[in-house]
Amino acid sequence: QVQLVESGGGLVQPGGSLRLSCAASGSIFSISDMGWYRQAPGKQRELVAMTSGGSTRYADSVKGRFTISRDNARNRVHLQMNSVNPEDTAVYFCNALLRALHTGPNRDLEVWGQGTLVTVSS
């Protein structure tokens, strides 16, 4: 019943900016962790950025360029991508650790979005 939907992906030129958004919907009791992973062609999926309470974690490759933000009231998370380069080309997946009403308020549930493609090319 809980769903994550990403938006904002597309084509962007090197050095440009892009803002990804993820909206969580359904009978959500609470969300503890929410963030982004990505998977480039021929590579393993990797953590990009994650929020957990008031803490944030970034991959070394995106530090100083990407910024993650949370809108707790609307169950949304955003990824501001600045100074992008071709190595940022990947499918970006939203990820959340949450508790849903249908599974009980004391059971953690990990949910993934379907992904949104970001292509950095001139």
Out of curiosity, does L109 fall in the hydrophobic cluster containing I31 (side-chain heavy atoms, cut-off under 4.5 Å, transitive links)? yes

For M34 versus C94, what's the shortest heavy-atom pair and its separation? CE-SG, 4.3 Å

Under the side chain to side chain contact (heavy atoms under 4.5 Å, CB included) criterion, do Q1 and L101 qualify, and how do the steps go? CA-CA 9 Å; Q1 294 296 317; L101 294 178; over 6 Å; no

Look at the side-chain heavy atoms of Ile, Leu, Val, Met, Phe, Trp and Tyr, link any pair under 4.5 Å apart, and say whether V91 and L79 land in one connected group. no

Of all heavy-atom pairs linking P14 and S122, the shortest is CD-N, 3.7 Å

Would a single hydrophobic cluster contain both L117 and F93, if residues Ile, Leu, Val, Met, Phe, Trp and Tyr are joined by side-chain heavy-atom contacts under 4.5 Å? yes

Taking the side chain as every heavy atom from C-beta outward, state whether N75 and S25 have any atom pair closer than 4.5 Å. no

Minimum heavy-atom distance between A24 and L4, given as atom pair plus value: CB-CD2, 3.4 Å

When you measure from the side chain of R57 to the backbone N and O of M50, does any donor-acceptor pair fall under 3.5 Å? no

Distance (rounded to the nearest 0.5 Å) between R107 CZ and R99 CZ: 11.5 Å

Approximate separation, where rounding is to 0.5 Å, of D71 CG and C22 SG: 12.0 Å

State the OG1-NE2 distance between T51 and H78, to the nearest 0.5 angstrom. 11.0 Å

Identify the two heavy atoms, one from V48 and one from Y37, that lie closest to each other, and give their separation to 0.1 Å. CG2-C, 3.8 Å

Mark yes or no for whether S52, through its side chain, and D33, through its backbone, hold a donor-acceptor pair below 3.5 Å. no

Say whether, by atom type as modelled, one donor and one acceptor occur between the side chain of R65 and the main chain of S83 under 3.5 angstrom. yes

Using every non-hydrogen atom in the two residues, find where Y92 and R38 come nearest and quote the distance to one decimal. OH-NH1, 2.9 Å

Measuring from atom CG of L20 to atom CD of Q80, what distance do you get when rounded to the nearest 0.5 angstrom? 9.0 Å

What closest approach, in Å, do R19 and S69 show between heavy atoms, and which atom pair accounts for it? NH2-OG, 4.5 Å

With a 3.5 Å distance limit and no angle check, can you tell me whether S21 reaches the backbone of S7 through a side-chain donor-acceptor pair? no

Is there a donor-acceptor pair under 3.5 Å between the side chain of E6 and the backbone N or O of Q114? yes

Check whether any side-chain N or O of T89 sits under 3.5 Å from a backbone N or O of V120 as a donor-acceptor pair, and report yes or no. yes

Atom OG1 in T67, atom CG in N82: separation rounded to 0.5 Å? 6.5 Å

V111, F29: one ILVMFWY side-chain cluster at the under-4.5 Å cut-off? no

When rounded to the nearest 0.5 angstrom, what is the spacing between OH in Y58 and CD1 in I68? 6.0 Å

Determine whether L97 and I28 fall in the same hydrophobic cluster, where Ile, Leu, Val, Met, Phe, Trp and Tyr are linked whenever their side-chain heavy atoms lie under 4.5 Å apart. no

